[in-house]
Structure formats: C-alpha cells, structure tokens
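One structure is given here, and the rest of the page talks about it.
Below, chains carry the letters A, B, ... as their sequence lines are ordered, and counting in each starts from 1.
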Amino acid sequence: MIRDARVLRAGFVPREVEHRDAEVNHLSSVLEPITNGEPADTAIVTGPSGAGKTCISQFVTERLREEVLNVETTYVNCWRNYTRFRTLYQILDDLGATIDIHRQSTPHDELVDRLQQHDGPRTVVILDEVDQLEDPSIIYDLHSLPQFAIICIANKEEELFSRVDDRLVSRLRSSEHVRMDKYHDEQLYDILSARAKWGLDEDVITDDQLYRIADAAAGDARLTIGILRTAAGKADRENHERITDDILLDAAEDARAQIKQKSLDSLTPHQRVVYDIVREHGPVGPSEIHERYSEDVDDPRTKRTIRTYLSKMEQYNLLEAEGTSRDREYSLVDSAAASPMQ
DNA sequence: AGTCCACAGGAACCGTAGGGAT
DNA sequence: ATCCCTACGGTTCCTGTGGACT
C-alpha cells in the first residue's frame, strides 16, 4: 500500500513546489546576492499554518545549495528552541562549532561572538516560528552579522513586530516580506494527489476522498498530508487494500488531535491545571482561574505567573482571550472550527 | 467626571541547578 | 570538596489601561 513513506512525512521537501511560484521566486531573489558571494537581506515569510512557509524556505535554500558551492543553511525551530541560548546553540551546532560549549557556564554573549568569528561560507539561517521566541533580540544579533542571511518565518507579522524593540522593527520593516495565503481546496487537492501518487500504490485512495481531505483541512497543507499519512498508516496496519471512508474519518480526527497534543505536551503540570480549568469552566476571567487553580494544586504560583502562563498558552494557540481589561476572559480555541469531514 | 479596581506585561530581583575551575 | 558563573523559573514591584460604579 505505501510505496514511499518519505513523501508523506511532515518535513518532506518536494522536488517541485506547487502553486507557490511567485513566492518561491520572490524569496529566491532576496537570497540572490549570495550567489555572488555578497550579503543578502533578511527575509520575512508570513502566513497561516500549513500555507507552505517552511516548505518553500527549505526548498529555496536547498536549490541555492545546488547552485552555489560555498553556502551553508541551517534550520532552527524556535518553538522547540525558544530560549536565546538554545537557538544560538542550534545554529552553532549546525556549523560544527559547539565542541567546547557547555550549557550553563558559557555566557550567551560568547555564543554571539562565536558566530561573529565564524568565517566559514555564507550561511542562510531559517528561523521557523520566530514569533515563539522568548527573547527575539537574537534576530538583532544575527541581523548585524553580514555572513548570515536570515529567513524569519512567522504566522502574523504584527505578532512578530509587537515583540521586538523599535530599532529592530524599523530594520525589519525594510526587509523583504513574502506573504502567503491559505491554499485553496483545488490547490490542496493537487498537492495531495501528487503525494499520493508518489507515496502510495495505485488505487489506494479515490479522487473523491482526496477532495474531502482537502475540504476538511481548511487550507492547511500540513494537516491534509497528516490526514493522508495517518489514514495510509492505519489502512496498512489493518491490512486493507485501500483506504476506506471509516479510516479516513478517524484519521482526520487523529491528525487534529495530534497537533493539539503536541502543544499540550509542552505544558508543565501547573500550566496543565490552568488549561484544564479553562477547558471546564471557560470562558472565565483570570481571577476565577487563579482561585480555582489555587484550590486544585499544592503550592500554587502567584497570579502574575498565571498571567504569564495564560499568555503563553494564547501564543501556542491553545487558548484565546477576549477583552482587554476587566472584561478579559479566556476560553479554549475551537479546534473543530475547521469543517469536519463528511 | 472622578474614583476604584482588575488586568496586562515590563523590570528588577532571588533561589536553585548544573557545569567548570581550582 | 569547594567556589564561582550563568541560565532559568519564579516572585515582587511597578506602571499604564480601561471597564464599572458612584
């Protein structure tokens, strides 16, 4: 049933990117100076999740590596490496310059110095989910180093700008900005059927089923491929010859649940209690949250800390907040808002 | 209009943990 | 074994904002 599992994986970068020619060309042109050994501008790539931001960034840098001998690329997921240290470490690690760096006793400034002294080939740094950085000043550090070209990937440009300081905002505003929209259902179908063609045996899934996946995912390519992967895996395990409608239905729910679980797993036990309170009692204000939380838990944290938790969970798209002041209330984000599969 | 109060979020500070140096 | 550094999570303190109530 599964011919090539690689093309169904989340991080797979296809040989051809569909329906993103303009964006690919735009981003390529920003990096163009590198082909002449000159420094390139910072690029900002924004768009909703599953719009192909990560995909085209990696596609473009890989193509650049094919064209130019003397260029490195490194990819950092800032959601997983949300501290300044981890991000810097990740970059240095990819450059092979971490041998004698130790977690605690090496000051952060030295990591930046280390980057500055790096006289290897020009390097394209992809900072994915850059709006999740705790301390975005690292963008500034990298920005000032001419041997590094940066691609910043974020959901919304405002959320990125609101978190960095003014001098960086003005610099970023003048950098090239690649905006991406959700895919249309037709485009999603094309992407899916290409993956199905390479990844699955023939006649494992019908066109009609592919359309339904595309329709259910509300423009999110990553989600569609996740659904396809989950469905194919399940059909394979259960020795079906083809993907049945029942399997597809389950897969759609599983794929959504997995995405959410990934965020949920990153919460501390205290944060989890707060999340559960909002889930059970929301929409609910911060005072009530803290009250209930204090009852549920030994050794409760302060209100201030709970506020930090709440805004963190808002960033992770686990919670949403309504109101700006005393009317502030938190509730769960409605993850079933995307149309369920028929 | 004026006061009050819950809220957001920045800044300074603190205790702890983990690693290096001696 | 001991001391020293630093990151990190948390707290305390603070300012600014804007509903709600008088």
Quiz prompt | Distance-only donor-acceptor check, side chains A:H240 and A:E238, under 3.5 Å | solution = yes

Quiz prompt | Interatomic distance, A:K303 NZ vs C:dG10 C1' [rounded to whole Å] | solution = 17 Å

Quiz item: Side chains of A:Y75 and A:D94: donor-acceptor distance under 3.5 Å anywhere?
Solution: no

Exercise. Identify whether any heavy atom of A:R307 sits under 4.0 Å from a base atom; if not, whether one sits that close to sugar-phosphate; answer base, sugar-phosphate or nothing.
Key: base

Quiz item: Could you give the CZ-to-P distance, from A:R301 to C:dT12, as a whole number of Å?
Solution: 12 Å

Practice problem: Check every strand shown and say whether A:R304 touches a base, only sugar-phosphate, or nothing at a heavy-atom separation below 4.0 Å. | Solution: base

Practice problem: Take the protein atom CG of A:L88 and the nucleotide atom P of C:dA7, then report the distance between them rounded to whole Å. | Solution: 11 Å

Quiz item: NE2 of A:H290 versus C1' of B:dC7: gap in Å, rounded?
Solution: 14 Å

Practice problem: Check the side chains of A:T302 and A:T305 for a donor-acceptor pair under 3.5 angstrom, ignoring hydrogens and angles. | Solution: yes

Could you list all N or O pairs between the protein and nucleotides 19-22 of chain C that sit under 3.5 Å apart?
residue : atom : partner : partner atom : Å
C:dG19  : N2   : A:R326  : NH1          : 3.4

Quiz prompt | Exercise: do A:T61 and A:R65 side chains pair donor with acceptor under 3.5 Å | solution = no

Practice problem: Please check if atom NZ in A:K234 has more than 12 non-hydrogen atoms from other residues, nucleotides or ligands closer than 6.0 Å. | Solution: yes

Quiz prompt | Residues A:Q261 and A:D265: side-chain donor-acceptor under 3.5 angstrom | solution = yes

Practice problem: Indicate, with yes or no, if A:V30 and A:V68 share a hydrophobic cluster defined by side-chain heavy-atom contacts under 4.5 Å among Ile, Leu, Val, Met, Phe, Trp and Tyr. | Solution: no

Quiz item: Taking atom P of C:dG10 as reference, at what distance in whole Å does atom NE2 of A:H270 sit?
Solution: 8 Å

Quiz prompt | Protein-nucleotide distance (A:E329, atom CD; C:dG18, atom P), rounded to Å | solution = 18 Å

Quiz item: Is the phosphate of C:dG10, meaning OP1 or OP2, less than 4.0 Å from a side-chain N or O of A:Y309?
Solution: yes

Exercise. Could you state the atom-to-atom distance from CG of A:D299 to C1' of B:dG15 in whole Å?
Key: 14 Å

Self-check item: A:Y89 OH to C:dT6 P, straight-line distance once rounded to whole Å
Solution: 19 Å

Quiz item: OP1 or OP2 of B:dC7 less than 4.0 angstrom from a side-chain nitrogen or oxygen of A:Y330, does that happen here?
Solution: no

